[in-house]
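Input: a single structure, listed below in structure tokens.
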Amino acid sequence: MSGASPSPAPPSAPGTGFGFEVGDTLAGGAGRTGTITTPHGTIATPAFVVVGTKATVKTVLPETVAELGAQAVLANAYHLYLQPGADVVEAGGGLGRFMNWPGPTYTDSGGFQVMSLGVGFKKVLAMDTAGLADDDVVAAGKNRLAAVDDDGVTFTSHLDGSRHRFTPEVSMQVQHRLGADVIFAFDELTTLMNTRGYQESSVERTHAWAVRCLAEHRRLTAERATAPYQALFGVVQGAQYEDLRRRAARDLAAVEIDGHSFDGFGIGGALEKQNLGTITGWVSDELPEDRPRHMLGISEPDDLFTCVENGADTFDCVSPSRVARNAAVYTRDGRFNVNTAGSRRCFEPIDAECDCYTCTHYTRAYLHHLFKAKEMLAATLCTIHNERFVVALVDRIRTAVSDGSYADLKAETLGRYYPVR
RNA sequence: GGCAGGUUGCCCGAGUGGCCAAAGGGAGCAGACUGUAAAUCUGCCGGCAUCGCCUACGUUGGUUCGAACCCAACACCUGCCA
């Protein structure tokens, strides 16, 4: 189905410790199961990767993260570079050992911060642009902490105001010292407010940076020959434009340096929710089938189905944990806030069908009490539940792809979660 | 018994003639959050309701075109002196 020309030889030659194997496929679509192998364990895909930006899944012990079924954790190069410093993490044995997470780890490149601290200052990556105008972005830019140029990005630390420079090479050096099993190429995110012209030049810039990342990655891999192999994923941008997304994916897939190419690919950037499936489909169509495809920042139930059936293998997202800290919890029948009056005297679990530690031991009334009393345990218990909810949902999707029940699972799950859609 | 200070919306607390249904907190009620500058942010928060009207700043009475704000009496509370 792929229209791409024969891809370069897989970089993950035997012995590197990294690999990807496709399992079952979804009839009539791009969906598939698979297995990602890393030096720190395997990941059965589709899989949800839990986010632990600063080398911790906020409010939760690593043992608990494992218990709730997470197969991998994703941290962030920009944040760990600023604090405690990549050298400290490296001296601490690398990301996994430093944070006491024995399984597979990922690090994001810092590309997201180019946007969130730059033009997207104080703005969420726009998936719903209603009410937003170009002026909002321009005004926000007045106080931005990051400025992009063709060579890289200059950041002002949000911690102490100091100035820092990230280039593709710096991001690779930082991510090599952090030592995650999967690292991402340094990319530029745009917003939906950017013009078509800017999106074009941004895709070119991201591609040029990806090439530089692969080159620096090869150099570092050779230089650090005794270190565990780290897989590098290129990141596909291109906003909502089919030609840009397809070209970005095709061009990344074709990059080859000394016989090596990207081990996998990330799909990210500005896009509207209703285009998510279509865009994922275009990109999957262009990418080689023997490499994993990671969706950056996706976890809503409908989005997970949409992406899987269009070829996505893994996901990460801050939403389950962030939202949990603010009292929003997922249930089979939709999301609600436990800190509202309705839960004050409700002695039922968040979701009676959930097998998580929180649902098997605590009531909505207790969680409501913890939030009202501003007790830290509220965030911990709700994070456990939300992460379990998303991990378990993706696990069910994976099983359904294999046993042919995907369509039924999708209809039943979304019918309950979004009753009036 | 004397002197001084105080009594504001659910709570704390600003306001000392009109711009006051009354700042600001807190509590309460709701909402948002998709590669984490987020255990954060936003809205509502006397009643009825379209401008607007009604009821409100301890109680009662007074001054004034107009009072939470000025005056008097009363009721509580708080200091200091006896």
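In what follows, chains are A, B, ... by sequence order, proteins preceding strands, each numbered from 1. Note that the coordinates shown come from a computational prediction; the quantities given were computed from them, not determined experimentally.
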(message) Suppose you measure atom P in C77(B) against the same atom in U42(B); what distance do you get, rounded to whole Å?
(response) 43 Å
(request) Please state the C1' separation for the pair A4(B) and C51(B) - nearest whole angstrom. (result) 49 Å
(request) Find which nucleotide of RNA chain B each of A341(A) and E300(A) is nearest to by heavy atoms, and output the residue with the more 5' nucleotide. (result) A341(A)
(message) Over all strands shown, is L74(A) touching base, sugar-phosphate only, or nothing at heavy-atom distances under 4.0 angstrom?
(response) sugar-phosphate
(request) Please state the P separation for the pair C76(B) and G28(B) - nearest whole angstrom. (result) 35 Å
(request) Kindly state whether the ring of F347(A) and the ring of Y366(A) have centres lying under 6.0 angstrom apart. (result) no
(request) For nucleotides G18(B) and A23(B), find the distance between their P atoms and express it as a whole number of Å. (result) 16 Å
(request) Mind calculating the distance between CG (L393(A)) and P (U34(B)) to the nearest angstrom? (result) 19 Å
(message) Side chain of H158(A) only, heavy atoms from C-beta on: which candidate in A38(B), U34(B), G35(B) is closest?
(response) A38(B)
(request) Identify, residue by residue, the members of residues 198-211 of chain A with a heavy atom below 4.0 Å from RNA chain B, and return them in order of residue number, or none. (result) none
(request) Assess the side chains of Y418(A) and D333(A): does a donor N or O sit below 3.5 Å from an acceptor N or O? (result) no
(request) Determine which nucleotide pairs with C20(B), using a 3.5 Å limit on both distances of a Watson-Crick or G-U wobble pair. (result) none
(message) Between C1' on A32(B) and CG on N339(A), what's the gap in Å once rounded to a whole number?
(response) 12 Å
(request) Just compare U36(B), A32(B), U34(B) and give me whichever is closest to any side-chain atom of K273(A). (result) U34(B)
(request) Quick one: look up who C41(B) pairs with, Watson-Crick or G-U, both distances under 3.5 Å, and put none if it's unpaired. (result) G31(B)
(message) Ring of F155(A), cation from R165(A) - is the NZ or CZ under 6.0 Å from the centre and inside 45° of the axis?
(response) no
(message) If I compare all heavy atoms of R205(A) with all of Y198(A), which pair ends up nearest, and what's the gap?
(response) NH1-OH, 3.6 Å
(request) Can you tell me the pairing partner of C10(B) across any strand shown, Watson-Crick or G-U wobble, with both distances under 3.5 angstrom? (result) G26(B)
(request) Kindly state which residues belonging to residues 365-379 of chain A come within less than 4.0 angstrom of RNA chain B, counting heavy atoms of the residue only, listed by number. (result) K372(A), K374(A), M376(A)
(request) Write down the distance separating the P atoms in U7(B) and C57(B), rounded off to the nearest Å. (result) 14 Å
(message) Over all strands shown, is H294(A) touching base, sugar-phosphate only, or nothing at heavy-atom distances under 4.0 angstrom?
(response) nothing
(message) I need the CG-C1' distance between L192(A) and U34(B), as an integer number of Å.
(response) 13 Å
(request) Measure the distance from CZ on F184(A) to P on G35(B) and round it to the nearest whole Å. (result) 13 Å
(request) Choose from U34(B), U36(B), A37(B) the nucleotide whose nearest atom is closest to any side-chain atom of S319(A). (result) U34(B)
(request) Quick one: sort the H164(A) and Y81(A) rings into parallel, tilted or perpendicular, breaks at 30° and 60°. (result) perpendicular
(request) Flag the pair D395(A) / I397(A) as yes when at least one side-chain heavy-atom distance between them is below 4.5 Å, and no otherwise. (result) no
(request) Both distances under 3.5 Å, Watson-Crick or G-U wobble: report the partner of A72(B), or none. (result) U60(B)
(request) Among V394(A), V401(A), D313(A), T35(A), find the residue that satisfies the side chain to side chain contact (heavy atoms under 4.5 Å, CB included) test when tested with T45(A). (result) D313(A)
(request) Could you measure between the two P atoms, the one in A82(B) and the one in G6(B), and give it in whole Å? (result) 24 Å
(message) Looking at G1(B), which nucleotide sits across from it as a Watson-Crick or G-U wobble partner, both distances under 3.5 angstrom, or is there none?
(response) C81(B)
(message) Does S157(A) reach a base, just sugar-phosphate, or nothing at all? Heavy atoms under 4.0 Å.
(response) nothing
(message) Is the phosphate of A37(B) approached by Q113(A) (side-chain N or O, under 4.0 Å from OP1 or OP2)?
(response) yes
(request) Starting from P on G35(B), measure out to CG on L276(A) and report it in whole angstrom. (result) 13 Å
(message) For the C1' atoms, the ones on G26(B) and on C44(B), what distance do you get once it is rounded to whole angstrom?
(response) 16 Å
(request) Could you work out the separation of C48(B) and C41(B) based on their P atoms and round it to a whole Å? (result) 31 Å
(message) For R364(A), is there an ion pair with E348(A) - N to carboxylate O distance below 4.0 angstrom?
(response) no
(request) Using a 4.5 Å cut-off on heavy atoms from C-beta on, say whether the side chain of S202(A) contacts that of N194(A). (result) no
(message) I'd like to check Q113(A) versus H158(A) (side-chain heavy atoms, cut-off strictly below 4.5 Å). Are they in contact?
(response) no
(request) Whole angstrom is fine here: how far is it from CG in L117(A) over to P in G35(B)? (result) 13 Å
(request) Could you tell me whether Y357(A) and Y362(A) have their ring centroids closer than 6.0 angstrom? (result) yes
(request) Respond yes when some side-chain nitrogen or oxygen of R322(A) is under 4.0 Å from OP1 or OP2 of A39(B), and no when none is. (result) no
(message) If I take atom CE in residue M115(A) and atom C1' in nucleotide U36(B), what distance separates them, rounded to the nearest angstrom?
(response) 11 Å
(request) Map R325(A) and R344(A) onto RNA chain B by nearest heavy atom, then report which one ends up closer to the 5' terminus. (result) R344(A)
(message) So N76(A), base contact, sugar-phosphate only, or nothing? Heavy-atom distance under 4.0 Å.
(response) sugar-phosphate
(message) Output the rounded distance in Å from CZ (F336(A)) to P (A32(B)).
(response) 13 Å
(request) Indicate yes or no: at least one non-hydrogen side-chain atom of F233(A) is less than 4.5 angstrom from one of I183(A). (result) no
(request) Name the nucleic acid region contacted by N326(A), choosing base, sugar-phosphate or nothing; use a 4.0 angstrom heavy-atom cut-off, strictly under. (result) base
(request) Determine the contact category for T53(A): base if any of its heavy atoms lies under 4.0 Å from a base atom, sugar-phosphate if only primed atoms, P, OP1 or OP2 are that close, otherwise nothing. (result) base
(request) For U55(B), give its Watson-Crick or G-U wobble partner with both distances under 3.5 Å, or none. (result) none
(request) For side-chain contact (heavy atoms from CB on, under 4.5 Å), just list the numbers for L189(A) and Q237(A), CA-CA rounded to whole Å, side-chain angles, deciding distance to a tenth of an Å, and then say yes or no. (result) CA-CA 7 Å; L189(A) 276 80; Q237(A) 293 292 346; 3.9 Å; yes
(request) May I ask you to verify if any side-chain N or O of S116(A) is less than 4.0 angstrom from the OP1 or OP2 atom of U36(B)? (result) no
(message) Would you say that T314(A) contacts Y106(A) through its side chain, given a criterion of any heavy-atom pair below 4.5 Å between the two side chains?
(response) yes
(request) Classify the side-chain pair D181(A)/Q230(A) by whether it contains a donor and acceptor separated by less than 3.5 Å. (result) no
(message) Using a 4.0 Å cut-off on heavy atoms, which residues in residues 175-183 of chain A reach RNA chain B? List them by number, or say none.
(response) none
(request) Flag yes if more than 12 heavy atoms outside R344(A) fall under 6.0 Å of its CZ atom; otherwise flag no. (result) no
(request) Look at all strands and tell whether A328(A) reaches a base, only sugar-phosphate, or nothing, counting heavy atoms closer than 4.0 Å. (result) base
(request) Between A37(B), C33(B), A30(B), spot the one nearest the side chain of N337(A), thanks. (result) C33(B)
(request) Please check the phosphate of C33(B) (OP1 and OP2 only) for any side-chain N or O of R335(A) closer than 4.0 Å. (result) yes
